[in-house]
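Data block below; observations after.
Bear in mind the structure is a predicted one, so any value in this text is a computation, not a measurement. A, B, ... follow the sequence lines: proteins, then strands. Residue 1 opens every chain.
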Amino acid sequence: MKLEITPTEYFSLASVTTKNTGIVKILITIDTHTQRTVTTQTVESLYCDLLLSGAGSYTREEFLNEVNMLGASIEVGVNDGKTTFVLRSTATKCKKLLELFGLLINEPEFSTKELKRVKSTELNQLHQAKENSKEIALDELKNGFYGSSDRKYSYSIDEQMAEVPKATVSSIKKHHQATITGRWTCSIAADQAIVTLFAKELKKLKRTIVVSDAIHQPKPPKPSLSLENIPSRQNIDLSIGVPLPITRAHPDFIPLTFAVAVLGKWGGFAGRLMSTVREKEGLTYGIYGQLEGFQSEEQGYFRIMTFFSPEKTVQGLTSTFREIKKLYDSGVTQNEVDSFKTILTTQQSLVNDSFTRVLSDLHGYHCENFTIEEMEELKSSLGNVTRADINRVIKTYLNPSQMSISGAGPTDKIQTAVKKWMAGK
Amino acid sequence: MSKPATKKKSSSTSIPGYTHIQSTSGVEEYVLKTNGLRVLYHYRPNTEVVTTNITYLVGAVDETIGESGIAHMLEHMLFKPTQADKKANIKDGGAMKFEREVGCILNANTWKDRTTYFFCYPTKYLQRALEIEAERMTGIILNEKELSPEQNNVLSEFDMYNGDPYFALSVEMVSSAFISHPYGHETIGYRADIEDYTPERLQRFYTNYYRPDNAVMMVIGDVDRKTALESVKKQFGAIKNPTTAIPRHHIREPNQEGIRRVAIERPSTTNIFSLGFKHAGLGTTDWLTTSVMLNVLTSGPESILEKLLVDTGKVAHIQTSQEPTKDTNLAVIHFTLAAKTTHEEIEQSVRTAIDTITASDITTLIKKVKANMLTDELFSRTSSMQIAQELTEYTASGDWTQYAKTTELLKTITPKMVIDCLKTSFVPSNLTIGTFIGK
């Protein structure tokens, strides 16, 4: 596999060039965030379905027919103010898929009739989301960390449902305009011939750029407890964390990544939280921690994600905070530093098992404007962190007394007990 | 001048200690002569990554009344300390030590017909991975001290699933769909059974089913055949099988004579109508035809039921489940109702729509579904872990070579076959209907 990044005036193209895989995957991300409002959040959500509802002379049905006859797919998603297109096909059908994609970008239909349909499906999905306790807990936590104009702020489901009927074709078109004029970060995994084809198509497709300022509203840590009662759930979903006053580019980011891995390595069983709260104490099925929401110029946060049954919530929180405090008070051991250097280095190398994983990995760094060399350097720097650096950043950023707790589920059952626990913490 | 010695050209699949059974599509099957362990090997160069995946042919189907979920409980216990750990005085023993040592990806899962464990790691750790895998085949320490916290974890897992209305409804539906067959209980088991496990019952299950002649070891990745097979032989070759036969149930499900209905009521804003129908096991043309049929009905905005119900706002979304199992199983289509729609209305709409589909309605749609399924298959085989997962399901269904045949089988599926499948799947005597009523 050969990795390359080629920036141009209007877009940047990263490629993972393979041989004889016969398939193609393309990721295109455009940062369209300027200011979050309930209107922009709603429009972003409606845009994804509406964009695929007809283009050029094709109705929605005809357009979908064209894509599906190729055995291909075009997906659109918007997350934290970034629109991402995912295109997949076999190599032989890629050219035709790119033509259809071009049509979507240049001549989307955005009909009133389709907007009516999309609004109806959106309202149904928002109604369902009212019981998604995991997402609700996460959104509440983030809303404590960011102002309402920040890309990571989420308006309530009720606010979004009130806004949906107000959405207009013109607001959707405005978002589309921002999508096509924003800077495109494109990454492709394919054979060389297809990479060359895609580069050529991109040059035809992407000939403008308008870069707008993006509002970023991080708040300082202010520990809080938020409990959203959803009586239909059986467990209490929890997000626990703290906003961090650094960006991805800050030198503390790497040792902090290391510290967080020791505490709650995402996936697997190596982190302290999994080995104690789950394995030794049997309090939950899963408990992980990681850094989230970071960008090269925007501050992120640390978050632990877990759930407990109502009767084990106080015990679970006690154990979780015990581990955070232990890390804060005593830091990581040298054994842990040595062990996690191997663990994290290995995890990076396992990406090579699949060229689509290599693509996703590369695209993540590409979206943050890293070159290949910077990406490699960043990855290898995890192997050079020192225990002193890691323990310093733990003391600077991971004070348990600064952490907020957000829970959703049958919280009425545990409100009193948890508040009492918080008061005594 | 002496004659040169005659050299017999050796087969590339001739590895001492093994019988080569067959090869297809780059996957080779061997049997270890000492104990009957089967090995599947597949080479993927230039990644420096290997996945080793051991599948034991034991799952929910082997469980008896009062011991539902025991196969899954045992799966959790296979990560606990072993006799080898105890002997070496290792403080934090168990298979997870491999993750702590080298940073591999590891996990396991239990299903109706099999339990599978995998490690994904850099090739240089192959011996260590196999050593750990061999240790836990027969050496897990099953006692109260290790069982108790893990029992709590499994109960926690149970509560996590049980809180999901789709899962809770599926549990009721399969128990109604299957009166006798063990597919009638979910793999995780019933809560009361989980609470009642003892180390002795687990030990009995472990001894009965965790043995080389009931296992298939897959080695997939950037390692040459000789190294892979010799390493497996080194670690597993000396493990003996018990002298007793592997216990198996022989159960024939009685005929169903009409629609079966179940309902759950819980405080919730969610309402679900679910349509379950029985279908053939994995690896058969019928299973694949069912898969095409389900896609025609429910997959994506061009599908028949999405157009009828999601686009019109009657249903928030549709999700399906068609599990890869050896025997006849229950596929389920779940419809999440929009706020003002009733279960009865959706049942009426769905059953009428299905009953009135003609071949001409779906001919073009089938072409698209097949095209997408073929592309999905290509994408699903881009990593060693994915390949292992897929091979696991075919192995458990009785014939791993079906893995190599899906593309050709898919091409043979015609609109008439799909219409026939629709007709037989949705007759009343094949249906189980579930309703989740949010109060």
Side-chain angles (χ1 to χ4, degrees), chain A residues 1 21-23 25 52 60-61 64-65 68-73 88-90 93 117 120-121 123-125 127-128 130-131 231-235 267-270 275 278-286 307-309 312 339-340 342-347 349-350 352-357 409, chain B residues 44 46-49 51 79 92 96 99-107 120-122 148-153 156-157 159-160 162-163 165 221 266-270 300-302 310-313 315-317 336 338-339 364 367-368 370-375 378-379 382-386 438:
Chain A
M1 281 185 276
T21 58
I23 50 180
K25 187 168 180 181
L52 295 170
R60 175 179 180 238
E61 190 154 335
L64 292 171
N65 177 65
N68 284 324
M69 283 303 276
L70 302 174
S73 63
R88 293 186 344 156
S89 77
T90 55
K93 307 292 185 191
R117 175 190 61 78
S120 165
T121 55
L123 284 169
N124 281 337
Q125 279 163 23
H127 179 75
Q128 292 309 308
K130 286 183 177 181
E131 294 193 322
S232 58
R233 308 304 296 163
Q234 293 220 283
N235 291 314
F269 302 86
S275 35
R278 171 180 154 146
E279 286 305 299
K280 292 202 169 96
E281 297 172 27
L283 291 170
T284 183
Y285 183 61
F307 71 90
F308 301 115
S309 63
K312 288 186 185 160
S339 161
F340 271 82
T342 305
I343 289 171
L344 296 174
T345 308
T346 295
Q347 296 270 290
S349 69
L350 293 181
N352 293 328
D353 187 38
S354 154
F355 76 89
T356 53
R357 283 186 70 190
Chain B
R44 296 183 80 242
N46 306 321
T47 63
E48 296 178 31
V49 175
T51 293
F79 286 87
D92 289 317
M96 289 178 211
E99 185 189 354
R100 291 192 293 271
E101 284 171 17
V102 315
C104 66
I105 296 171
L106 57 74
N107 218 319
C120 179
Y121 49 88
S148 184
E150 203 56 40
Q151 221 162 347
N152 284 331
N153 287 331
S156 183
E157 188 182 353
D159 290 337
M160 179 181 76
N162 195 45
R266 282 185 185 174
S268 179
T269 55
T270 298
E302 284 206 279
V310 176
D311 285 359
T312 54
V315 153
H317 63 262
T336 308
T364 310
K367 279 188 195 156
K368 288 182 268 194
K370 283 163 68 170
N372 275 300
M373 286 173 75
L374 286 167
T375 304
L378 290 170
F379 272 92
T382 57
S383 80
S384 59
M385 281 200 292
Q386 285 173 312

**Message:** Set out, in order, the CA-CA distance, both residues' side-chain angles and the distance that settles side chain to side chain contact (heavy atoms under 4.5 Å, CB included) for A/T121 and B/V310, then state yes or no.
**Reply:** CA-CA 7 Å; A/T121 55; B/V310 176; 4.0 Å; yes

**Asked** For B/I105, is it the side chain, the backbone, both, or neither that has a heavy atom closer than 4.5 Å to a heavy atom of chain A?
**Response** both

**Asked** Heavy-atom distance under 4.5 Å to chain A: side chain of B/T382, backbone, both or neither?
**Response** both

**Request:** Starting from the C-alpha separation in whole Å, work towards a yes-or-no answer on salt bridge (Lys or Arg N to Asp or Glu O under 4.0 Å) for B/D159 and A/K312.
**Result:** CA-CA 12 Å; B/D159 290 337; A/K312 288 186 185 160; over 6 Å; no

**Fill in**
Tightest non-hydrogen contact, residues A/S89 and B/F379, listed as O-CE1, 3.9 Å

**Asked** Between A/N68 and B/N372, is any pair of side-chain heavy atoms under 4.5 Å apart?
**Response** yes

**Prompt:** Which answer fits B/E48, side chain, backbone, both or neither, if we ask what part of it has an atom under 4.5 Å from a heavy atom of chain A?
**Reply:** neither

**Message:** Do the side chains of B/E150 and A/K280 get close enough for a salt bridge, i.e. N-O under 4.0 angstrom?
**Reply:** no

**Message:** With a 4.5 angstrom heavy-atom cut-off, is it the side chain or the backbone of B/N162 that approaches chain A, or both, or neither?
**Reply:** both

**Message:** Please classify the contact of A/Q128 with chain B as side chain, backbone, both or neither, using a heavy-atom distance under 4.5 Å.
**Reply:** side chain

**Request:** Ignoring hydrogens and angles, tell me if any N or O in the side chain of A/D353 forms a donor-acceptor pair with the backbone of B/T47 under 3.5 Å.
**Result:** no

**Item:** Which atoms of A/S232 approach chain B - backbone, side chain, both or neither, heavy atom under 4.5 Å
**Value:** both

**Asked** B/M160 versus chain A, heavy atoms under 4.5 Å apart: side chain, backbone, both or neither?
**Response** both

**Message:** Measuring from atom NZ of A/K130 to atom OG1 of B/T270, what distance do you get when rounded to the nearest 0.5 angstrom?
**Reply:** 11.0 Å

**Asked** Side chain, backbone, both or neither: which part of B/M385 has a heavy atom under 4.5 Å from chain A?
**Response** both

**Interatomic spacing from CZ in A/R278 to CD in B/E157 - rounded to 0.5 Å** = 7.0 Å

